[in-house]
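All of these numbers come straight from a predicted model, not from anything done at the bench. Keep in mind that the numbers below use all heavy atoms, side chains included, and drop hydrogens, waters and symmetry copies.
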Amino acid sequence: MHAYEDASKVSKEAMDNALKSVSAMTKGFQQIASETSEFAKRAYEQQAEFMEKLFQLRSPDKVIALQNEYAKTAYQGWVSQATRMSEICSDVAKETYKPLEQSMVTLSTTSTAVAVKPAAAAKQAADAKAA
């Protein structure tokens, strides 16, 4: 009878942990979407500013210097954003996995406890039969 109660407890905990995991993943995706839209907004503003400055220049040397500066800034921004997104994805994966890990620990512990009881009873029966 305890096995059914244990199974019910494990099932309930697994469902709760699955919901926690989905919630963590959803929050992570929202954070990723927010970061992406902010990056796109900043990149657009930088590009608009660059084009405005570019159209004001008359010298080819100054145009090339401005393009080099913009390319360097844009690349640094992209690398920074890629690093940030990598960190966010890593954090989301960790937070999503935590509840599932707890479910596996509980399942393993409960399964071991359920399996030990019949094994102990079988050993006792075998020992009693041998004696």
Side-chain angles (χ1 to χ4, degrees):
M1 190 65 160
H2 291 289
Y4 293 114
E5 291 170 3
D6 291 341
S8 175
K9 179 183 169 189
V10 168
S11 297
K12 182 182 180 320
E13 184 177 333
M15 183 57 72
D16 290 344
N17 286 336
L19 291 173
K20 288 177 188 175
S21 179
V22 169
S23 176
M25 187 183 307
T26 302
K27 287 178 186 175
F29 285 154
Q30 288 172 343
Q31 185 179 7
I32 289 169
S34 175
E35 284 287 328
T36 301
S37 67
E38 287 297 317
F39 174 72
K41 181 180 174 183
R42 284 191 311 269
Y44 177 78
E45 289 170 356
Q46 288 172 348
Q47 185 177 21
E49 183 181 319
F50 164 72
M51 293 302 289
E52 189 175 306
K53 288 179 183 179
L54 185 66
F55 288 131
Q56 294 175 359
L57 297 177
R58 301 288 177 229
S59 161
D61 293 341
K62 290 181 181 179
V63 168
I64 291 172
L66 181 65
Q67 286 177 330
N68 286 337
E69 178 186 326
Y70 174 74
K72 181 179 177 184
T73 303
Y75 178 74
Q76 288 172 344
W78 181 83
V79 169
S80 174
Q81 183 67 16
T83 301
R84 176 78 177 125
M85 294 302 284
S86 174
E87 292 169 355
I88 291 173
C89 289
S90 176
D91 291 344
V92 168
K94 288 175 187 174
E95 291 301 313
T96 300
Y97 182 71
K98 278 181 186 178
L100 299 176
E101 181 180 31
Q102 182 58 41
S103 292
M104 291 300 118
V105 168
T106 301
L107 179 61
S108 175
T109 304
T110 304
S111 298
T112 302
V114 168
V116 166
K117 291 175 186 176
K123 185 175 186 300
Q124 281 181 341
D127 289 345
K129 191 175 185 180

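- M85 and W78 fall into different hydrophobic clusters, where Ile, Leu, Val, Met, Phe, Trp and Tyr residues are linked whenever their side-chain heavy atoms come under 4.5 Å apart, directly or through other members.
- The backbone N or O of N17 lies less than 3.5 Å from no partner atom in the side chain of S21, so there is not a single donor-acceptor pair.
- Proximity of a side-chain donor or acceptor of T36 to a complementary backbone N or O of I32 within less than 3.5 Å is detected.
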Legend entry - Candidate pair F50 and E69, rule side-chain contact (heavy atoms from CB on, under 4.5 Å), full reasoning: CA-CA 10 Å; F50 164 72; E69 178 186 326; over 6 Å; no
Legend entry - CA sep, side-chain torsions, deciding dist, call: E95, K27, side-chain contact (heavy atoms from CB on, under 4.5 Å): CA-CA 10 Å; E95 291 301 313; K27 287 178 186 175; over 6 Å; no
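- Pairing each heavy atom of S103 with each of A14, the nearest pair is OG-CA, 3.5 Å.
- Here the OG1 atom belonging to T73 is positioned 10.5 Å from the CG atom belonging to N68, to the nearest 0.5 angstrom.
- S90 places no side-chain N or O within 3.5 Å of a backbone atom of S86 that could act as its donor or acceptor partner.
- The two atoms that bring Q46 and Y70 nearest to each other are O-CE1, 3.9 Å, heavy atoms only.
- Residue Q76 places its CD atom among more than 12 non-hydrogen atoms of other residues, nucleotides or ligands, all under 6.0 Å distant.
- By the rule that hydrophobic residues join a cluster once side-chain heavy atoms approach within less than 4.5 Å of another member, Y97 and M25 end up as members of separate clusters.
- Comment: K9 does not engage E13 in a salt bridge, judged by the lack of any side-chain N to carboxylate O separation of less than 4.0 angstrom.
- Residues L100 and M104 have side chains not in contact (no heavy-atom distance under 4.5 Å, counting atoms from C-beta outward).
- Two different hydrophobic clusters hold F29 and V22 under the rule that ILVMFWY side chains link at heavy-atom gaps under 4.5 Å.
- A donor-acceptor pair is defined here as one N or O able to donate and one able to accept, closer than 3.5 Å; such a pair exists between the side chain of T106 and the backbone of Q102.
- Note: D91 CG to T96 OG1 = 10.0 Å, rounded to the nearest 0.5 Å.
- Remark: K12 engages D16 in a salt bridge, criterion side-chain N to carboxylate O under 4.0 Å.
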